[in-house]
Each structure stands twice: as C-alpha cells, then as structure tokens.
Amino acid sequence: MFSARRLAAALTGPLLMLAAAACTPNPSHQDAKPPSSKPSAPSSGDKDGTLGLSDAIGRLKMARESRNGYERGKFHLWTDADHDGCDTRKEVLLAEAVKKPRQGKGCRLAGGSWRSYYDDKTVTDARKLDIDHVVPLAEAWDSGASKWTPERREQYANDLSGGRSLVAVSLGPNRTKGDKDPAEWMPPAKDATCTYLADWVSAKLRWKLTVDHAEQTKLQLTAAACPTTKVTFTPAP
C-alpha cells in the first residue's frame with residue numbers, strides 16, 4: 001500500500017499535467033470570446049459595447065452639418081455582397097420577416113408578413129415596405145460621410161452587419177421622414193420612441209457620425225423617458 005507521502009507524489013504529476021492543459025489555450029479558440037447574455041457596460045476607454053441611452057448620446061461628437069455636394073447616387077444601394085442572389089433590400093426583408101416569405105428563383109419573395117415598428121402596423125406585401133436607413137443617406141453625408149471614399153459610402157448604404165442600421169418599415173412614415181433627423185421627425189407610434197432613439201444613436205456611433213446642436217438637444221430631452229433603454233454598437237470596419 002502507498003504511504004501518504006508516496007500517494008501525494010504519485011498524484012502530483014497527473015495533477016500538474018491537468019493544470020497545465022487547463023491553462024494552455026486551444027489554438028483554434030484563442031480569439032474566441034465567450035458568449036454573454038447580458039454584456040456589461042463598457043468603461044470610458046472601450047470603443048464598443050452596450051451603454052445606457054443617455055451615456056451613448058454623450059459619446060456623440062457635435063459639429064455643424066453641411067449638405068454641400070450631396071447626391072443620393074454617391075451611395076451605391078442594394079448590392080449583393082455575398083453573391084447569393086439576394087440584394088441588401090431582400091436580405092433585410094428576409095431577416096425581419098415575422099412570417100418568412102417564400103423565396104423563389106432570383107430571390108423573388110412571395111407572401112410573408114412584417115411588423116413596421118415606426119407605425120406599429122403589420123404589412124403582408126413586401127412591395128408596401130421601404131428599407132429605411134435609420135440615419136438617412138443625406139444626414140450621414142451632413143454628419144461626416146461627405147469625407148468618405150465611395151467604397152465606404154457603399155458599405156454604409158448596405159450595412160447588414162450593423163444590427164439596426166437598416167429596418168423594414170411602412171411606406172407612409174418612411175416617406176414622411178425623408179432626410180429628417182430626430183429634431184425634425186419621430187416615429188408616429190408612441191412605443192417606437194425609445195427603440196428609434198437607440199437605433200439612431202447606435203448607427204451614428206458605429207459610423208462615427210456627428211450630431212448638430214438641435215439634434216443633440218432633442219436626443220437628450222427625449223432620452224429622459226427611456227431610462228432602461230440600451231444602445232449596442234460595434235464600430236464599422
């Protein structure tokens with residue numbers, strides 16, 4: 001039989017091997033980050049993450065706006081970046097469908113239903129939906145996109161990775177919105193206010209777009225009614 005000392009010595013080797021294995025990163029997972037169902041708010045030094053709405057608004061830089069030189073055609077719309085036959089518009093419709101549409105040849109969509117959160121209405125005909133840039137193209141131009149390359153403006157116009165940069169909404173409220181910012185227009189559905197502010201601020205932070213004085217004031221005042229609203233953003237590549 002082992003003495004206590006011999007037993008401890010016999011066990012020490014395997015235990016040290018196990019500890020070393022546990023501390024040695026798996027090469028295939030060295031860059032992986034553990035999932036988090038509730039991300040913590042970043043410190044002041046973080047560049048992305050989840051913030052309270054008021055804190056997120058505080059990160060926006062204020063500057064004067066200028067629409068000099070703006071043309072909608074300077075933003076290349078509805079590309080098919082992954083070459084799967086579905087352009088950006090169709091990708092948003094597929095992603096946001098409450099009831100998935102049937103997908104035919106050439107990504108032709110039929111059926112399906114969508115919830116337009118701007119006016120809290122259900123839409124069952126994709127032709128009656130616009131894909132809205134939450135921060136309109138002209139507003140983006142005013143706020144910094146005028147200095148971008150054509151390639152970056154194309155990325156912005158087709159931003160499927162931003163989470164809420166593009167949304168499917170009813171034609172009516174989107175046409176009324178046009179190029180307006182929150183100081184000039186807000187969604188007609190009362191329950192949409194906090195969501196819209198979060199989407200707007202997230203898009204501006206993601207693309208490092210500025211705000212003007214009236215816009216910032218409106219955001220700050222309206223955010224007071226949204227104390228639990230969170231803003232999640234990731235800087236655009």
Side-chain angles (χ1 to χ4, degrees), residues 42-83 87-89 91-92 95 118 130-169 174-187 195-223 230-237:
S43 68
S44 58
D46 291 336
K47 294 182 179 179
D48 61 351
T50 300
L51 295 163
L53 179 56
S54 293
D55 289 338
I57 293 169
R59 287 199 178 192
L60 294 169
K61 293 183 179 180
M62 191 165 63
R64 287 187 175 184
E65 295 185 353
S66 173
R67 197 158 296 187
N68 291 338
Y70 170 71
E71 294 176 9
R72 186 174 176 83
K74 291 183 177 179
F75 292 82
H76 185 193
L77 290 165
W78 309 157
T79 59
D80 180 10
D82 58 5
H83 307 291
D87 63 18
T88 302
R89 173 183 165 81
E91 296 281 13
V92 176
Y118 284 4
D130 274 340
I131 304 305
D132 183 41
H133 294 85
V134 173
V135 176
L137 300 180
E139 170 68 22
W141 179 274
D142 299 349
S143 308
S146 61
K147 300 176 183 177
W148 295 349
T149 63
E151 292 75 20
R152 190 156 183 81
R153 286 196 288 268
E154 179 177 315
Q155 290 176 335
Y156 178 82
N158 300 275
D159 186 14
L160 292 172
S161 301
R164 301 293 295 175
S165 296
L166 299 170
V167 293
V169 294
N174 189 52
R175 304 294 169 84
T176 302
K177 172 188 173 182
D179 296 331
K180 300 180 180 72
D181 69 23
E184 304 163 307
W185 184 90
M186 289 292 292
T195 300
Y196 185 68
L197 291 185
D199 289 350
W200 182 277
V201 174
S202 174
K204 286 236 163 173
L205 287 172
R206 172 170 168 76
W207 290 94
K208 296 182 180 178
L209 296 171
T210 61
V211 292
D212 62 23
H213 179 71
E215 177 187 352
Q216 184 189 56
T217 300
K218 176 68 173 184
L219 291 171
Q220 290 173 333
L221 290 174
T222 312
K230 301 296 182 182
V231 174
T232 300
F233 72 96
T234 301

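In this chain, numbering begins with 1 at the start of the sequence shown.
- Note that the CG atom of D181 and the CD atom of Q216 stand 12.0 Å from one another [nearest 0.5 Å].
- Shown here is K180, whose NZ atom has more than 12 heavy atoms of other residues, nucleotides or ligands within 6.0 Å.
- With hydrogens and angles left out, the side-chain atoms of E139 and W200 include no donor and acceptor closer than 3.5 Å.
- Contact annotation: the side chain of L160 approaches that of V92 to within less than 4.5 Å [non-hydrogen atoms, C-beta and beyond].
- Taking every heavy atom of both residues into account, P237 and Q155 meet most closely at O-OE1, 4.1 Å.
- Here the side chains of K177 and V169 are not in contact, with every heavy-atom distance at 4.5 Å or above.
- Note: S143 OG to R67 CZ = 8.5 Å, rounded to the nearest 0.5 Å.
- The backbone N or O of L137 lies less than 3.5 Å from no partner atom in the side chain of R72, so there is not a single donor-acceptor pair.
- Using modelled atom types, one side-chain atom of N158 and one backbone atom of T79 make a donor-acceptor pair closer than 3.5 Å.
- You'll find the side chain of R153 reaches within 4.5 Å of the side chain of W141, heavy atoms only.
- Between L166 and T88, the closest side-chain pair of non-hydrogen atoms falls below 4.5 Å.
- A donor-acceptor pair under 3.5 Å links the side-chain atoms of K74 to the main chain of G69, judged by distance alone.
- K204 contributes atom NZ, which lies 14.5 Å from atom CZ of F233 (distance to the nearest 0.5 angstrom).
- Scanning all heavy atoms of the two residues, the minimum distance from L197 to A223 falls at CD1-N, 3.9 Å.
- Between R206 and the options T232, D159, T234, a side chain to side chain donor-acceptor pair (under 3.5 Å) holds for only D159.
- Contact detail for A56 and V201: the closest heavy-atom pair is CB-CG1, 3.7 Å.
- Here the OG1-OH distance, from T195 to Y118, works out to 10.5 Å after rounding to the nearest 0.5 Å.
- Within the model, atoms CG of D132 and OG of S165 stand 11.0 Å from one another, a figure rounded to the nearest 0.5 Å.
- Between the CZ atom of R89 and the CG atom of L77 there is a distance of 11.5 Å, given to the nearest 0.5 Å.
- A 4.5 Å side-chain heavy-atom check between H76 and P150 finds every atom pair outside the cut-off.
- Proximity of L219 to L60: side-chain heavy atoms (C-beta onward) are separated by under 4.5 Å at one or more points.
- Taking both residues in full, the closest heavy atoms of A203 and V135 are given as CB-CG2, 3.8 Å, listed atom of the first, atom of the second, then distance.
- Side-chain contact between R164 and V134 is absent, with no heavy atoms from C-beta onward closer than 4.5 Å.
- Residue A145 comes nearest to F75 through the heavy atom pair CB-CZ, 4.0 Å, listed as atom of the first residue, atom of the second, then distance.
- In this structure, Y156 and H133 have parallel ring planes: the angle between them is below the 30° cut-off, well short of the 60° mark.
- If you look at Y196 and W185, their ring centroids are closer than 6.0 Å.
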